[in-house]
Amino acid sequence: MKLLTLEERKARYERSKAGTAPRIVICAGTGCVASGAMKVYEKFREILGKKGLSIAVVLEDESKPDKGDFSIAETGCKGFCQMGPLVSIKQKNILYCKVQPEDVEEIIEKSLLGNDYIERLLYTDPKCGSKEKEMQKIPFYSLQNRLTLGLCGNIDVNNLDEYIHHGGYFQARKAVLEMSDKEVCDEIMASGLRGRGGGGFPTGLKWDLTRKQKSDTKYVICNGDEGDPGAFMDRCLLEGDPHSVIEGMIIAAVAIGATGGHFYLRMEYPLAIKRLRQALKQAREAGFLGKNIFGSKMNFDLKIKEGAGAFICGEETALIASIEGKRGMPILKPPFPSERGLYGKPTAINNVETLASIPVILRMGAKEYSKLGTATAKGTKTFALTGHVANTGLIEVPFDITLRDIVGVIGGGVINDDGTLCGKVTNGPGSDCGCDFKAVQIGGPSGGCLTQDHLDLQLDYDNLAKIGAMVGSGGLVVMNQGTCMVKIAKYFMQFTQNESCGKCTVCREGTRQMLALLDDITEGRATEKTLPLLEELAQTVKVGSLCALGKTAPNPVLSTLTYFRDEVMAHINEGKCPAGACEALASFKILKDKCKACTLCKRTCPVDAISGEIRQPETWEIDQEKCIKCNACVPVCKFGAIIRG
């Protein structure tokens with residue numbers, strides 16, 4: 001059977017009603033699916049069918065009629081995960097939030113068949129209570145530049161022709177048929193693209209080093225082992241736009257002369273794996289993968305390797321070992337994978353976001369792409385924005401953006417523990433971050449803290465490195481004043497210690513001992529010798545670990561000691577947690593001016609630590625020796641007379 005050209009596929013899509021009919025776009029990323037997006041999708045199909053309205057599709061046999069009153073797109077993540085399920089009515093520029101199946105019929109009647117909108121389903125600004133129906137005017141999207149995520153959330157993830165309609169695979173074909181390996185490498189080097197997975201190594205240089213190696217067999221690998229807590233950038237790209245990553249790998253194969261490639265994905269991403277398998281099948285059937293791709297003499301295909309979820313397999317040499325069927329443990333470098341990688345052959349490894357950026361760069365041109373960002377960090381970066389912030393989700397911003405704009409504008413400001421928006425502001429221009437803002441943990445277990453002093457810092461590789469942090473894969477966890485920074489450092493150290501592969505003693509035992517010292521601090525056992533020992537141990541682990549994951553493991557601890565030393569010292573010297581978050585250091589007090597001596601707290605206390613006479617508030621007190629800090633008394637007091645300090 002004759003394969004269609006890209007132009008023929010694009011024209012077929014444009015002729016179909018699927019490309020022109022009034023369009024319902026349903027976000028079907030993991031977040032929205034978990035909130036019931038597929039039930040909403042099926043409800044649309046059901047009610048449209050009951051009303052005698054048809055759904056447009058792309059027909060392979062164009063002799064058959066395609067009535068197509070409406071089209072429905074099952075897309076990837078639109079980013080605004082906390083507002084899901086999200087439904088867009090494209091021609092009318094309406095975005096509905098938190099849509100449920102029972103809302104579908106009203107949406108069809110008012111917004112598809114009519115020209116009205118449903119106010120209760122619109123985004124509500126937590127600052128002023130105003131409603132907004134247009135996605136572009138919602139603060140969460142206002143400062144974003146969605147280049148890599150440009151099609152994610154906008155195209156039907158199941159439709160190859162729609163990806164092609166938006167320019168998909170044209171750059172891969174150009175690379176295969178018109179460009180030399182050196183020309184591809186030079187273009188990527190000129191763009192200034194650096195690896196988006198953590199280290200920030202120049203992508204074009206990595207490819208060029210691999211290209212220069214003499215070997216009949218070379219490999220490209222997509223590192224999709226996204227293991228940082230709170231990070232979901234790669235997962236969303238693979239769920240929503242897998243063809244862009246495949247196209248990036250084809251271009252990488254041209255650049256280095258690869259004969260094969262692998263996706264390495266963690267098995268915890270079932271939806272991403274399912275959609276990637278489907279995309280690979282579509283690409284093979286279209287002649288974009290396999291033998292003689294795009295009608296050339298080049299043979300290139302891709303396989304999927306599912307990892308078991310070991311954090312260490314995000315490190316490239318451990319990843320290679322896992323693909324080879326060995327235990328995922330790092331090896332000493334050099335030689336680097338560009339010299340001797342998978343099965344001993346030259347190998348280029350890039351993460352999902354890096355590879356998805358490649359078609360964008362070739363489409364825009366390196367010169368235009370390099371205008372975005374800063375002098376040392378070009379283009380855009382995706383971040384997973386979570387924590388104590390009004391708007392959470394997946395964002396993509398230029399590298400020259402500041403933390404103030406991310407937290408204050410895109411994030412909508414810092415929220416209190418009860419979910420309410422902090423009404424105060426910090427000092428300085430454009431102050432929209434609540435004064436309750438305390439810190440942002442960036443880069444996950446390998447990263448560090450950013451404080452109020454860093455609100456106007458541009459988030460590029462070099463700026464963050466100077467203050468002991470890193471971009472990492474792109475996790476941003478916002479914390480308010482109720483967060484104990486020692487507990488945060490302890491959380492990441494617990495994660496790292498659990499995930500240490502154990503190969504080198506410094507990492508295996510060093511992280512264990514660092515965690516024990518942090519336990520001492522949060523549980524009141526620390527002495528004046530604890531802090532110097534912790535700092536010395538952190539530096540030892542940083543210098544002596546075998547791989548980059550071990551070398552960066554102390555970063556959250558060192559960052560906390562640098563920027564929140566007074567808080568750490570309060571734990572040690574005063575036996576007090578300033579944030580009131582460490583249970584072992586908590587103390588409870590009865591405010592006698594508020595106490596009504598009702599005895600409810602005494603009856604609730606499981607260890608009889610509360611005493612006092614009925615109707616005599618001045619006699620009520622808590623025995624700190626008996627108190628087990630269970631917090632049972634605080635919520636039962638109707639008068640707010642018991643506080644935790």
> With a cut-off of 6.0 Å (strictly less than), are more than 12 heavy atoms of other residues, nucleotides or ligands near CD of E102?
Replying inline: yes
>> Minimum heavy-atom separation for V440 and F437, please, with both atom names.
In response: CG2-CE1, 3.6 Å
> If every non-hydrogen atom of V541 is compared with every non-hydrogen atom of V506, which pair is closest and at what distance?
Replying inline: CA-CG1, 3.5 Å
> Are the side chain of T619 and the backbone N or O of Q616 linked by a donor-acceptor pair below 3.5 Å?
Replying inline: yes
>> Checking the side chain of Q497 only, and the main-chain atoms of T511 only, is there a donor and an acceptor separated by less than 3.5 Å?
In response: no
> Are the side chain of D225 and the backbone of G314 linked by a donor-acceptor contact shorter than 3.5 Å?
Replying inline: yes
>> Tell me whether K542 at atom NZ has more than 12 heavy atoms from other residues, nucleotides or ligands lying less than 6.0 Å away.
In response: yes
> Going through the checks in order, is the side chain to side chain donor-acceptor pair (under 3.5 Å) test met by N555 and T552?
Replying inline: CA-CA 5 Å; N555 282 358; T552 57; 5.0 Å; no
>> Any donor-acceptor pair under 3.5 Å linking the side-chain atoms of T483 with those of K438?
In response: no
> Is E315 salt-bridged to K551, cutoff N-O under 4.0 Å?
Replying inline: no
> Which atom pair, heavy atoms only, marks the closest approach of A581 to C577?
Replying inline: N-SG, 3.3 Å
> With a 4.5 Å heavy-atom cut-off, do V568 and T560 have their side chains touching?
Replying inline: yes
>> Determine whether a donor-acceptor pair (N or O, by modelled atom type, separation under 3.5 Å) exists between the side chain of N463 and the backbone of Q458.
In response: yes
>> Using side chain to side chain contact (heavy atoms under 4.5 Å, CB included), reason through L95 and E132 one step at a time and then give a plain yes or no.
In response: CA-CA 8 Å; L95 176 67; E132 185 53 65; over 6 Å; no
>> With heavy-atom distances below 4.5 Å as the criterion, would you say the side chains of I415 and N480 are in contact?
In response: no
>> Would L86 and Y96 count as a side chain to side chain contact (heavy atoms under 4.5 Å, CB included) here? Give the steps.
In response: CA-CA 6 Å; L86 297 167; Y96 286 133; over 6 Å; no
>> Return the NZ to CG distance between K274 and L238, rounded to the nearest 0.5 Å.
In response: 15.0 Å
> Is it true that the side chains of D462 and T376 contain a donor and an acceptor less than 3.5 Å apart?
Replying inline: yes
> What's the verdict on side chain to side chain donor-acceptor pair (under 3.5 Å) for T392 and Q82, showing C-alpha distance, side-chain angles and the deciding distance?
Replying inline: CA-CA 6 Å; T392 61; Q82 85 180 82; 3.1 Å; yes
>> Please tell me whether T402 and D456 have a donor and an acceptor in their side chains that are separated by less than 3.5 angstrom.
In response: no
> So which heavy atom on C27 is nearest to which on A37, and how close?
Replying inline: O-CB, 3.3 Å
>> Between Y269 and E306, does the side chain to side chain donor-acceptor pair (under 3.5 Å) criterion hold? Intermediate values first, please.
In response: CA-CA 9 Å; Y269 285 1; E306 294 183 40; over 6 Å; no
> Can you check whether T30's main-chain N or O pairs, donor with acceptor, with E239's side chain at less than 3.5 Å?
Replying inline: yes
> Are L459 and V471 close enough, and set up right, to give a side chain to side chain contact (heavy atoms under 4.5 Å, CB included), and what steps lead you there?
Replying inline: CA-CA 8 Å; L459 299 186; V471 173; over 6 Å; no
>> So, taking the atom named NZ in K503 and the one named CG in L332, what distance separates them when rounded to the nearest 0.5 Å?
In response: 8.5 Å
>> Within the structure provided, determine whether W620 and I610 are in side-chain contact (heavy-atom separation under 4.5 Å).
In response: yes
> Hey, is the main chain of P139 close enough, under 3.5 Å, to the side chain of S142 for a donor-acceptor pair?
Replying inline: yes
> Can any side-chain N or O of R196 pair as donor or acceptor with the backbone N or O of T380 at less than 3.5 Å?
Replying inline: yes
>> I'd like to know if D103 and R120 make a salt bridge, using a cut-off of under 4.0 Å between side-chain N and carboxylate O.
In response: yes
> Side chains of I521 and L517: closer than 4.5 Å at any heavy-atom pair?
Replying inline: no
> Is the NZ or CZ atom of R194 positioned over F201's six-membered ring, under 6.0 angstrom from the centre and within 45° of the axis?
Replying inline: no
> Hey, does V40 have a side-chain heavy atom less than 4.5 Å from the side chain of Q100?
Replying inline: no
> Can K576 and E567 be counted as an ion pair, charged N to O under 4.0 angstrom?
Replying inline: no
> Out of curiosity, D400 CG to D460 CG, how far, rounded to the nearest 0.5 Å?
Replying inline: 9.0 Å
>> Ignoring hydrogens, what is the shortest heavy-atom contact between P578 and H571? Give both atom names and the distance.
In response: CD-CE1, 3.7 Å
> Is there side-chain contact between Y491 and Q494, with at least one heavy-atom pair below 4.5 Å?
Replying inline: no
> In Å and rounded to the nearest 0.5 Å, what is the CG to CG distance from N391 to L385?
Replying inline: 8.0 Å
> What is the distance from atom CZ of R508 to atom SG of C501, rounded to the nearest 0.5 Å?
Replying inline: 9.0 Å
> How far apart are the C-alpha atoms of S500 and F311, what are their side-chain angles, what is the distance that settles it, and do they pass the side chain to side chain contact (heavy atoms under 4.5 Å, CB included) test?
Replying inline: CA-CA 8 Å; S500 173; F311 182 65; over 6 Å; no
>> When you measure from the side chain of T124 to the backbone of G129, do you find a donor-acceptor pair of N or O atoms at a distance under 3.5 Å?
In response: no
> Does CG belonging to D593 count more than 12 external heavy atoms closer than 6.0 Å?
Replying inline: yes
> Is there side-chain contact between S446 and M470, with heavy atoms separated by less than 4.5 Å?
Replying inline: yes
> Given the side-chain rings of H454 and Y563, with only the six-membered ring counted for Trp, is the space between their centroids under 6.0 Å?
Replying inline: yes
> More than 12 foreign heavy atoms under 6.0 Å from NZ of K594: is that the case here?
Replying inline: no
>> Angle between ring planes, Y141 versus F80, binned at 30° and 60°: parallel, tilted or perpendicular?
In response: perpendicular
> Side chain of T522, backbone of C582: donor and acceptor closer than 3.5 Å?
Replying inline: no
> Quick one: CG on L537 to CZ on R512, what's the gap to the nearest 0.5 Å?
Replying inline: 12.5 Å
> Is there a salt bridge (Lys or Arg N to Asp or Glu O under 4.0 Å) between K333 and E316 once you walk through the steps?
Replying inline: CA-CA 11 Å; K333 296 182 286 190; E316 56 187 13; 3.1 Å; yes
> Please walk me through it: do T148 and E353 pass side chain to side chain donor-acceptor pair (under 3.5 Å)?
Replying inline: CA-CA 7 Å; T148 308; E353 185 184 347; 5.0 Å; no
> Does E613 pair with K602 as a salt bridge, N-O distance under 4.0 Å?
Replying inline: no
> Taking all non-hydrogen atoms of both residues, which atom of C601 and which atom of I642 are closest, and how far apart?
Replying inline: CB-CD1, 3.7 Å
> Can you list the steps and then say if Y123 with F140 is a ring-ring contact (aromatic ring centres under 6.0 Å, His included)?
Replying inline: CA-CA 10 Å; Y123 169 77; F140 178 79; 8.6 Å; no
>> Using a 3.5 Å distance criterion without hydrogens, assess whether the side chain of S35 forms a donor-acceptor pair with backbone atoms of G31.
In response: yes
> Taking side chain as C-beta onward, heavy atoms only, is C449 less than 4.5 Å from P556?
Replying inline: no
> Is NZ or CZ of K381 both nearer than 6.0 Å to the six-membered ring centre of F383 and within 45° of the ring axis?
Replying inline: yes
